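As structure tokens, the structure follows; a few thoughts come after it.
None of these values were measured; they are calculated from a predicted model. Chain letters run A, B, ... following the sequence lines, proteins first, then strands; residues in each count from 1. Keep in mind that the numbers below use all heavy atoms, side chains included, and drop hydrogens, waters and symmetry copies.
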Amino acid sequence: MSYIDALCEEIREAGARYGDVPIDTLYIGGGTPGLAGIRALERVVNALDRYFLLDLDEFTVEVNPDDDNPYRALRALGANRLSMGVQCTDDAVLRVAGRRHDAATALGALGRACECFDNVSADIMLGLPEQTVAKATKSVDDVLPFVKHVSAYMLKLSDSVPMSSALRRGEYALPDDDLTVDMYEAVYARLRERGMARYEISNFSLPGYESRHNLKYWRREEYIGLGAAAHSEIDDVRYANPASIVEYVSGKRLGRGAARGEPVSEDERIFEHIMLALRTAEGLDTAMLDKKFSINFRKRYADVLKNLAPLLVWRGDVLSIADDKLLLESAVAREFMI
Amino acid sequence: MDPREQKIRNFCIVAHIDHGKSTLADRLMELTGAVGKRDMKEQLLDSMDIERERGITIKLTPVRMKYVYKGEEYTLNLIDTPGHVDFTYEVSRSLAACEGAILIVDATQGIEAQTLTNAYLAIDNDLEIIPVINKIDLPSARPDECKQEIEEVIGLDASEAPLISAKEGINIEEVLEQIVEKLPSPRGDGSAPLRALIFDSAYDNYKGAICNVRIVDGSIRAGTRIVMMSSGKEFECTEVGIFTPNMQAVDELKAGDVGYIAASIKNVKDTAVGDTITTATCGAPEPLKGYKKISPMVFAGIYPADGSKYNDLRDALDKLNLNDASLIYEAETSGALGFGFRAGFLGLLHMEIIEERLEREFDLDLVTTAPSVSYMVRKTNGEVLKVDNPSHLPNPAEIEEISEPIVKANIYTPPEYVGSIMELCQEKRGIFVNLTYLDTSRVRIDYSIPLAEIIYDFFDSLKSRTRGYASLEYEMDGYRADNLVKLDFLLNGETCDALSLIVHRDKAYARARSICERLKEVIPRQMFEIPVQAAIGSKIIARETVKALRKDVLAKCYGGDITRKKKLLEKQKEGKKRMRQFGSVAIPSEAFMSILKFDDNE
């Protein structure tokens, strides 16, 4: 059984359980789906179409600049949004980071993608070895003519990002937190100048081009994840598939069925709402929270709200982190942990 | 002479660290059958974990062994001794309980610093010394050179020194034979009134405080009414016994014996080391010489890292106190640290041991403030205060004069280190008193030094400047007024009382600067910028800034990341719990100890 066979099997199983729920966003990503080839993606999308009630407003596929020009085919499959892993448009940085593509490849790919897609997003990494503020902003400048959306991720050492062996040997210095934040702020300023708004810590877009799929995570809506390492949340229960492909496939081959779920307690759900919504510009609708969980948010967190007052902004009942303090999101969220 | 006493030998073993003291003790016990081989734990005498780990002896555990020599059975009592300057007095009392000592020298190392210190300590206590050369099984052993060194440097006849390997059990018998042959037997008077020297005490849950004693004169059995000669307190003896090394009750302890006395004593403070026990009726007119009331020298605040564990800390201190009469403590409150205790210790090592035992045996996380001494403050209105917590110092305007405890320090050293020792004493505000050449290889330097300077790092500096060859003894010698000021530290504009310390004005600026720098390093960047300032009174004399944290964020947080992110936040939150919240500033525990550490160039 191939991985795609297993995935299609899971789609069939999941469809049997949730097939009557209308699905309006689809995201194929988490790595390099392009590597599977267009035929494989076709099988997956066909399976989804067969077992689920698809009524897609947004259908994103993650692509890499060195994928073999799959844009027309993806478009034909029904995709209407692309997310391109550009990372940086400086060849030296890309080389040290162990990427297979160079800047010209990335920009060429973006150009071709734009011929087929209106809604293209570029992923930019910040804090890469040998990267500077100038190189980071240049990357943004280079991609802006093509994209309506940018995701800019500050790299952390612990992130499992493929690196060249030279980097692992410590021959290059990684920018420290301060420099990474400098890059982020420069990039944010540039994107703002060009009309893009920050709607989440790492996500920027022209008006109307926010990722509807990802907003659902931050609004803590339900989602079904399919494939190795995918997570789902349905009816306040979270499911996690095996992270290893081998284990995932063998599980499907042996007909083990769905992963066992972890119920998410009410306190945890409340906390997750806070933790996720505070990442966004739209913020946390505390009136919604009060109603949904029969709590009094302002009372329940009176001390925290007082201590954090300089970092927080209220718009009516909507709470968010002040624009210039958003990068302290984890520190803020921790205070809300009980 | 009493024929019974002729069959007793009371001795201790002295050595440089790692020269094999505990291993030899183990072999002696094994060979005399005091402990079966099966029950042998490595280094049986060091009963506490900390002792075994640090390789030092804190608590003395005596043991009685039976040995048959030329058809006669002898009783050998081995008394172990602690090995640190904090416990000099305890060492002197256990040596006073012996007539002889075994001096171990490592055949591969020869005489080392502590060999000398300990040998002189034994000589000064009039003990007969048997030199023993250990580790002769090692290829690099050079026993003949060792013998020569012992004769030349210490002046002991080493021609008959047993050549042994404690590890391999070689020639241990010879050591036992020499103990019988060469060490004098006790010469007490069995018919005189009881005089028992307390050389240690411990608390037993069933028997109460137990006195480890050497019976010098007379005898004692259960039922005897006894009196502690220093306090006059009376008790009824409920049990006497010996150490095998476990406690074993016997009918009677007589002159020359080493054993224990239990008398339903509730508090170890009533069993002071060095005190003499006699009978309540017809008791001895004079106590044994050498008793000193020991008082704590070093004070520090001890707080639970988690404020809700205050009661646990109190219970733990109460329990430790049962066994350690030299530990004193009282409740104290700190603005920064909440509820805790101010505790008094014999010295820094004692303090470290107590902290470690609290953390290990009672599973507590502690925050400890920098140690202080007890200052005498005369106020302008004539009132005199004792201040052992710097934050309790009165307002500078009300202070007429601050005096600090002074010690008479006697430093013994080979002559070549005299210069660097005097330099050190001078740096530590010492006043030179005297210099005596004891012989060609040993000099005694006497200084009058503030205790506050001694407790920080004097001992370590002394050891490092003399490659371990110098030894230090000190005793309290009153108070001396000096130009002392309180140095406060402000975090985010608020004085953090737990960081205050009293220093000499001349050293205040340098200390203030280096402590601010260190605090800046140990306080993690937080959501706000934190000024770290040092002040004398209202005058700021140093400043550093902990810059605001700019980034504390997980860049990617999509469906599959939520559980991971939550776990990460929980872990971080747990880590933060170990920090102290002072206003809006979180301070890690080590910040409070950081003001203790000195730079070498200071």
Side-chain angles (χ1 to χ4, degrees), chain A residues 27 29-30 125-127 151-156 158-159 177-178 180-182 184-185 200-203 211 213-214 216-218 220 223-225 229-233 238 240-241 243 262 264 268 271-272 275-276 279 307-308 310-311 325-338, chain B residues 305-308 335-336 338 491-494 496 520-531 544-589:
Chain A
Y27 198 104
M125 296 293 278
L126 306 172
S151 298
Y153 299 112
M154 286 175 289
L155 180 71
K156 275 204 83 150
S158 57
D159 292 351
D177 269 6
D178 270 327
T180 307
V181 173
D182 288 343
Y184 177 90
E185 285 178 348
E200 194 260 358
I201 291 170
S202 307
N203 287 283
S211 163
H213 182 85
N214 288 338
K216 286 184 184 174
Y217 294 125
W218 304 317
R220 218 184 163 281
Y223 52 92
I224 299 168
H231 289 58
S232 307
E233 195 190 315
R238 189 162 286 126
N241 281 344
E262 289 267 345
V264 186
E268 281 179 283
F271 174 71
E272 287 178 10
M275 167 183 104
L276 295 165
R279 299 180 65 86
N307 290 340
L308 295 176
L311 305 178
K325 302 289 187 203
L326 193 58
L327 294 190
L328 299 178
E329 174 270 336
S330 287
V332 171
R334 269 200 301 278
E335 298 298 311
F336 284 95
M337 281 195 138
I338 298 178
Chain B
D306 174 355
S308 66
L491 300 178
N492 208 16
E494 269 184 80
C496 183
K520 182 192 165 187
E521 278 166 32
V522 297
I523 296 174
R525 288 169 70 172
Q526 295 169 35
M527 287 187 269
F528 317 87
E529 176 178 295
I530 305 161
E544 292 284 340
T545 305
V546 180
K547 282 195 286 177
L549 184 67
R550 295 176 66 195
K551 162 175 176 282
D552 183 353
V553 72
L554 194 68
K556 283 189 185 183
C557 190
Y558 302 111
D561 306 308
I562 295 170
T563 311
R564 182 169 65 98
K565 159 116 184 170
K566 232 167 35 174
K567 284 199 178 123
L568 182 71
L569 289 178
E570 260 159 32
K571 217 171 90 193
Q572 291 166 338
K573 180 115 186 166
E574 214 35 54
K576 220 185 145 201
K577 256 194 202 153
R578 284 195 293 276
M579 292 206 262
R580 276 289 161 163
Q581 201 62 34
F582 178 66
S584 53
V585 185
I587 316 171
S589 307

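Interface remark: B:E570 contributes backbone and side-chain atoms alike to the contact with chain A (heavy atom separation under 4.5 Å). For a residue to count as touching a neighbouring chain, one of its non-hydrogen atoms must lie under 4.5 Å from one of that chain's; by this rule A:E329 touches chain B with backbone and side chain alike. Contact annotation for A:M337: both backbone and side-chain heavy atoms come within less than 4.5 Å of a heavy atom of chain B. For a residue to count as touching a neighbouring chain, one of its non-hydrogen atoms must lie under 4.5 Å from one of that chain's; by this rule A:Y27 does not touch chain B. Heavy-atom distances place the side chain of A:L308, and not its backbone, under 4.5 Å from chain B. Only the side chain of A:N203 comes within less than 4.5 Å of a heavy atom of chain B; its backbone N, CA, C and O stay farther away. In this structure, chain B has heavy atoms under 4.5 Å from both the backbone and the side chain of A:A331.
In terms of heavy-atom pairs under 4.5 Å with chain B, the best-connected choice from A:E185, A:R220, A:K216, A:E335 is A:E335. Heavy-atom pairs under 4.5 Å with chain A peak, among B:K547, B:K573, B:Q526, at B:K573. Between chain B and the options A:D178, A:T180, A:L311, heavy-atom pairs under 4.5 Å are most frequent for A:D178.
Between A:E272 and B:K565, every side-chain heavy-atom pair lies at or beyond the 4.5 Å cut-off. Residues A:I201 and B:V553 meet the side-chain proximity criterion, which asks for heavy atoms closer than 4.5 Å. Contact annotation: the side chain of A:D177 never approaches that of B:R525 to less than 4.5 Å [non-hydrogen atoms, C-beta and beyond].
To the nearest 0.5 Å, the span separating OH on B:Y558 from CD on A:E200 amounts to 5.5 Å. Expressed to the nearest 0.5 Å, how far CG of B:D561 lies from OH of A:Y217 amounts to 9.0 Å.
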| field | Pair B:R550-A:L327, side chain to side chain contact (heavy atoms under 4.5 Å, CB included): steps then yes or no | value | CA-CA 7 Å; B:R550 295 176 66 195; A:L327 294 190; over 6 Å; no
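The existence of a salt bridge linking B:E574 and A:R334 is excluded, since no basic side-chain nitrogen approaches an acidic carboxylate oxygen closer than 4.0 Å. For the pair A:K325 and B:D552, the salt-bridge criterion is not met [side-chain N within less than 4.0 Å of a carboxylate O].
Residue B:T563 is tested with A:E233, A:R238, A:E262 for a side-chain contact (heavy atoms from CB on, under 4.5 Å); the sole match is A:R238.
Residue A:R279 comes nearest to B:L554 through the heavy atom pair NH2-O, 2.7 Å, listed as atom of the first residue, atom of the second, then distance. Across every non-hydrogen atom of B:I562 and A:L276, the tightest pair is CD1-CD1, 3.8 Å.
The backbone N or O of B:G559 lies less than 3.5 Å from a partner atom in the side chain of A:Y223, making a donor-acceptor pair. A:S202 contributes no side-chain N or O that, together with a main-chain N or O of B:K556, makes up a donor-acceptor pair within less than 3.5 Å.
For NZ of B:K566, the number of neighbouring non-hydrogen atoms (other residues, nucleotides, ligands) closer than 6.0 Å is greater than 12.
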